[in-house]
Structure formats: C-alpha cells, structure tokens
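A quick write-up on the structure given underneath.
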2 protein chains.
Amino acid sequence: MNTSPLRAKRIHFRTKKYRSPDGLPTDICLFTLLSIPRQTKTKSLPLKQLAVLLIKRKSNTFGEQWALPGGFSHESETLDECAYRELKEETNIDRDVHIEQLKTYYKPGRDPRGWIPSVAYVSLVHEDLLKHAQANDDASDAQLFPIEEAFALNLAFDHREILTDALQRVREQMLQTTIAKAFLPDEFTLSELLQVIETVVPSFSAKDRGNFERRLLATTRRQGLLEPVLSADGQPVYSTEFSNSPAKLYRFTGFTPTAMIY
Amino acid sequence: MNTSPLRAKRIHFRTKKYRSPDGLPTDICLFTLLSIPRQTKTKSLPLKQLAVLLIKRKSNTFGEQWALPGGFSHESETLDECAYRELKEETNIDRDVHIEQLKTYYKPGRDPRGWIPSVAYVSLVHEDLLKHAQANDDASDAQLFPIEEAFALNLAFDHREILTDALQRVREQMLQTTIAKAFLPDEFTLSELLQVIETVVPSFSAKDRGNFERRLLATTRRQGLLEPVLSADGQPVYSTEFSNSPAKLYRFTGFTPTAMIY
DNA sequence: CGAATAGTGTCTTTGAGACAATATAGC
DNA sequence: GCTATATTGTCTCAAAGACACTATTCG
C-alpha cells in the first residue's frame, strides 16, 4: 500500500485547511400501519395501510414541499439519541419504539443551505402510539401519508430517494427479521401477523392461511419463532377481538431463524 | 404532533448558534480472503482465511494503535466517492470492487480531536487485487490481519465496535445475498463457492458437498442463481485448477432468491 | 494405486402447497 | 342459517439430509 494518506490529512485537518460540514442532521422515515375498519356483518380484521410521517415545509424556492421529519444533531448526543429526540419532538413518543439507522446521505448540492449530510433513520411505530400523540396537537403540520401518496408528493431534498431506500429496507427486514412485532401487540393472532407481512410486502402472499399456520408452528427450522400464550393453568389463550371464532394468541420468543439463499 | 421543531432549529442553524461537526471521515473495513496453500500429494483447494486491512497509527496518548483506513470527505464529493478515493489511496485499487455503506458512528468523545463522526464502509476485495497493490509499496504501514488477530489488537477510536458490526453485516449478507462473488473469480467451481461461504460464516456448514450441489442446482426456489459456464459449442466448461478431477465452472446469473424466515 | 476432489444414486424424512372440510359464535 | 374467521385433514410433490458409491487424473 502507499504511504499513509490518513496522517497527511490529519495535518490538514489541524491547520483547518479544509471546510467542515455545516451540520449533521438526522431524518426519520417513520412508518406505521393504519387500520381501516371494514363494514362487515360479523367481526372482521380491519384493512391495513402502510403510511409514512411527513412534515410540511414552506420553501421560498420550491413552493410547498413535504419532508421527512428531522433536525440537527448536537455534539453532546449520539446519533441514535438525536433520532429519538426528533421522534419525541415530532410525535411526543417517549417509548422504546423500533428505531434503526438506515444510511447517511450526501452529495454536493443535496441541501441548498450548504454542506449538510443527513443520517437517515427508519422507525416503525404502532398506530396507537401515534393516535395518542396526534391528539395533543391538531394544528400540527405533520401528517401521515399512505406510501403511494407520499411518493406522489413533491418531497424536499433527496427525501424521495431516502424514502425509497427506507421502504426497501423495511420490506427486506420484514421477511428476514421479526420487526413485524413493531406493528403488532405483544400477543397477536396468526391472522394479524400474516396481514402485517402481506401489507408491508405486497409480493408476499401466503395464499393459504392454513399452510401459513403449519409452516410457522410445525417446521423444525422455525421451532421457537412463536410461542402460544398460555394462561395460568397452562391452557392456550384465545382472542375474539377480530372474529367470532376464538383465535389462539401467540407471541414472538426472541428466537429468529436464519434466512439464507443457499 | 407538536409545533414544528424543525423550523425552529433552522433558525438556530442560520444564526450559527450551534457548533458544526469538525469533519466527516469515512472509514473502511476492507475484508479479503487470504489463500493458504496446503502441501498435499495431489492438487487441492488452498485453505482460506478472512482478513481485514488495518493501518498503523502512532498516537502520543495511546501508544501504537491500529486503525481502519479512512479519511475526511470533501464537500465536493459523495460519501461513496470518498470511500472509493480512500480505497484507492490505501490499496491502489481503482476497480469497481464491492463497497457498501455500513453505518455512521458518533458518540461524544469518540474522537479526541473534536466532534468527528465517521461513516463506516464495508468493502470486499479479492486477494489478487491486493497482492498487486501491495507490491507497489513494501514500506507501507498498512497490513492485513486475520480477523481473530485484528480483534486482539489495540484498535483506535471505536474501531473495534465498527469492525464487529462490519463482520456481522458481512456474515448476514454472505448468506442472504450473492456477495460471495466478491471473493470469487467470475467463473468458479462449487467447491470454491462452498469454501468461501464456510470461511466467512463458520456456523454455516453444508456437511455434504453432494447435497450442497443439489440444493443449488436442482431446487426450483433457487433456479437461476447459478448457471454453468458453456463453451462455444454449448458444452459445460471444466477446470482442473484445484483438482485432478475436472470440476464444472459456474457463474452467478444476477438473480437472487429471496431469503425469508416465514 | 493412492490422493484429493467431483459428481451421482438411493432412501428417508420433512416441508410446501393445493384443496377441502369442519368449527365457532354473534346476528 | 349466514357470515367471517379459525383450525384441522388429506394428498401430492418438492426439498433436505444421510450415506454410499463411482469417477477423474496426476504422480
């Protein structure tokens, strides 16, 4: 290898020969699943819709734009802390929700205000937590958009690219990890789980509820992914929240089978 | 949601009330697979070893330290361009090698020089490209370490954490994507592919070469992951590089089956 | 023929998927 | 009895994995 360019650059840095970034914001792609009640003759699962949180910006050059919520990080906080802080400021959520660093974006000119990269985060939040927050402030300029609608908007900066990447990441993770739990209560029925997966990843289709059930519960590869919720006397617990026919409740155990292509 | 904190912060930013980061470096975890020839009575596959590139730093406070290669990004370049530039400066590689953003690191005090986050990259490079580069400069302070040895060193900053995350990412990706190709020639035998996977992910074990072969070639789920290399007359091409028994050559097609846990 | 790898055959068990059937409980 | 969901049964075919066997070619 060649002689150390790192050391050379350190000297430059010390003499302040080079500019420094003008700030390091974090931007958050906050996804939630909105429930859309159906009018049916008996109890049924509400439809679900994947939505993302955007805030309105008034730009003097670009007219009305929508942007991912975000804000500048401080020297005294970690990037994760900044993301949590922003989440709290925008949504009033102060819980341990799913939040995950996605990627850092910079290209010359991405922000007209200067040399401003952005550390993008993905957060998955159950709609109940957001409804509570929304009640606090109706005059807010933050709004949830179904993802197709979000992509039809005039988004600020490179936020369309970030949103595209975030959506792709969420879809991958939805199939390869147990992040579905972010959109589910602690105890849920198999229909709820299946619906979450199908809503987030439209290309996923179990087609057959019965086969989905067997795959998840009866195959050794996935043993321990889910466990039935048991009552004090060891009997399975049922829910009739979404159907007259009582449905067994399950929870994630913490074990995740490894997904692989080979 | 509450009233727009982003707008409030923008004003702060414009009045330069807050500090800005002192620089935005990229650091690269460059992995390669080293070949270790075995002395056998007939041709055989060399052993492989996963190694990472580190450079020597002389710190007045910490003594001799090893660090991930890296350097400060410029306003005029993207982060990816910076990573490629650093890669070229350290290894003289100017090819389209596998390079991928991992994560951005910052916590107060991570770099004693100031408010300096780091955008970490992972790069996977075939050893042949590095050998060529190393020949250019023997007095370099850059060196490849087998990963166990790297973890035994006194690494600068939070580079141990970065390396840990990078390794985990590479292992995940090795099983869920076709990045194995970064460590393989364009045309390879099934034994080579299997060896790459087993070396990078020790927990992966096909146990049975025969079954590995059938899985990859005969299952519909993976149809099209690999294709045999064919000569002009449509006959499969064989290699005797690593065995007297000619082995069929394969290449990746570009298709990747989706890995999922459900 | 021995060494080291390549590739096939066979058999068993498990899993995937299609499809059907029955069950539940409120209205 | 109708509705929407829950759950089990059956059958077929695909895939996984264990294990053994043959093939290749150089030295």
Side-chain angles (χ1 to χ4, degrees), chain A residues 37-48 175 187-196 198 204-223 225-226 228-229 235-250 257-262, chain B residues 37-48 175 187-196 198 204-223 225-226 228-229 235-250 257-262:
Chain A
R38 293 187 294 159
Q39 62 290 43
T40 50
K41 300 184 181 172
T42 68
K43 282 191 235 182
S44 64
L45 272 167
L47 291 175
K48 301 269 170 164
L175 298 182
E187 305 177 350
F188 51 85
T189 67
L190 289 181
S191 292
E192 287 179 278
L193 171 58
L194 177 56
Q195 193 196 26
V196 166
E198 288 182 332
F204 178 94
S205 179
K207 279 159 198 146
D208 187 310
R209 242 301 306 269
N211 291 334
F212 179 72
E213 181 152 353
R214 247 192 315 256
R215 275 212 309 278
L216 261 60
L217 302 175
T219 68
T220 59
R221 221 193 105 219
R222 289 179 272 253
Q223 277 302 347
L225 171 61
L226 298 181
V229 177
Q235 288 308 106
V237 179
Y238 291 82
S239 160
T240 55
E241 186 178 0
F242 299 118
S243 80
N244 291 326
S245 182
K248 261 194 206 108
L249 287 173
Y250 293 88
T258 54
M260 61 171 88
I261 64 173
Y262 295 109
Chain B
R38 293 187 293 159
Q39 63 289 45
T40 50
K41 300 185 180 173
T42 68
K43 282 191 236 181
S44 65
L45 272 167
L47 291 176
K48 302 268 170 165
L175 298 182
E187 305 176 351
F188 51 86
T189 66
L190 289 181
S191 292
E192 288 179 278
L193 171 58
L194 177 57
Q195 193 196 26
V196 167
E198 288 183 333
F204 178 94
S205 179
K207 278 159 199 146
D208 186 311
R209 240 304 304 272
N211 290 335
F212 180 72
E213 180 152 353
R214 247 194 313 256
R215 276 214 307 279
L216 261 60
L217 303 175
T219 69
T220 59
R221 221 194 105 218
R222 288 179 272 254
Q223 278 302 347
L225 172 61
L226 299 180
V229 178
Q235 288 308 105
V237 179
Y238 291 83
S239 160
T240 55
E241 186 178 0
F242 299 117
S243 80
N244 292 325
S245 182
K248 261 194 205 109
L249 288 174
Y250 293 88
T258 55
M260 61 170 89
I261 64 173
Y262 295 109

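Order of the sequence lines fixes the chain letters, A, B, ..., with proteins taken first and strands second; residue numbering starts at 1 for each chain.
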query: Does B:Arg222 have any salt bridge (Lys or Arg N to Asp or Glu O under 4.0 Å) partners at least two apart in sequence or in another chain, and if so, which?
result: none
B:Lys41 or B:Leu249, whichever maps to the more 5' nucleotide of DNA chain C: B:Lys41
message: What is the separation between atom CG on A:Leu194 and atom P on C:dG17, rounded to the nearest whole Å?
response: 13 Å
task: Pick base, sugar-phosphate or nothing for B:Ser243, based on heavy-atom distances below 4.0 Å to the nucleic acid.
output: sugar-phosphate
message: Using whole Å, what does the distance between atom C1' of nucleotide C:dA16 and atom CG of A:Leu217 come to?
response: 15 Å
field: Gap between atoms CZ and C1', on A:Arg209 and C:dA18 respectively (whole Å)
entry: 16 Å
message: Given C:dT5, D:dT25, C:dA25, identify the nucleotide with an atom nearest to the side chain of B:Arg38.
response: C:dT5
Donor-acceptor contacts, no H, no angles, side chain residues 243-250 of chain A, under 3.5 Å, sequence neighbours left out:
unit_1	atom_1	unit_2	atom_2	d
A:Ser243	OG	A:Ser245	N	3.4
A:Ser243	OG	A:Ser245	O	2.4

query: Atom CZ of A:Phe242 and atom P of D:dT5: how far apart are they, to the nearest Å?
result: 11 Å
message: Looking only at the side chain of B:Glu213 (C-beta and beyond, no hydrogens), which of the listed nucleotides C:dG7, C:dG2, C:dT5 gets closest?
response: C:dG7
task: Keeping the roles fixed (side chain from B:Gln195, backbone from B:Pro46), state whether a donor-acceptor pair exists under 3.5 Å.
output: yes
- prompt: How long is the line joining NZ of B:Lys248 and C1' of D:dA23, in whole Å?
  reply: 13 Å
message: So B:Leu190, base contact, sugar-phosphate only, or nothing? Heavy-atom distance under 4.0 Å.
response: nothing
query: Rounded to the nearest Å, what distance is computed from the CE atom of residue B:Met260 to the P atom of nucleotide C:dA16?
result: 11 Å
query: Got a sec, which residues hit side-chain hydrogen bond (donor to acceptor under 3.5 Å, both in side chains) with B:Thr40, two or more places apart in sequence or on another chain?
result: B:Ser44
message: I'd like to check the salt bridge (Lys or Arg N to Asp or Glu O under 4.0 Å) partners of B:Glu213; sequence neighbours left out, ordered by chain and number.
response: B:Arg209
- prompt: Sequence neighbours excluded, which residues qualify as salt bridge (Lys or Arg N to Asp or Glu O under 4.0 Å) partners of A:Glu187?
  reply: A:Arg251
- request: Take atom CD of B:Gln195 and atom C1' of C:dA4, then tell me their distance rounded to the nearest Å.
  value: 13 Å
Could I get a table of every N or O pair under 3.5 Å where one atom is in the protein and the other is in nucleotides 15-19 of chain D?
unit_1	atom_1	unit_2	atom_2	d
D:dA15	OP1	B:Thr220	N	2.6
D:dA15	OP1	B:Thr220	OG1	2.5
D:dA16	OP1	B:Arg222	NH2	2.6
D:dA16	OP2	B:Arg222	NH2	3.0
D:dG17	OP2	B:Arg215	NH1	3.4
D:dG17	N7	B:Asn211	OD1	3.4
D:dA18	N7	B:Asn211	ND2	2.8
D:dA18	N6	B:Asn211	OD1	3.3
D:dA18	N6	B:Arg214	NH2	3.1
D:dC19	N4	B:Asp208	OD2	3.1

- prompt: To the nearest Å, how far apart are B:Leu216 CG and C:dG7 P?
  reply: 13 Å
message: Minimum heavy-atom separation for A:Gln223 and A:Leu217, please, with both atom names.
response: NE2-O, 3.6 Å
Candidate nucleotides D:dA6, D:dC26, C:dG7, ranked by approach to the side chain of B:Asn244 - the nearest: D:dC26
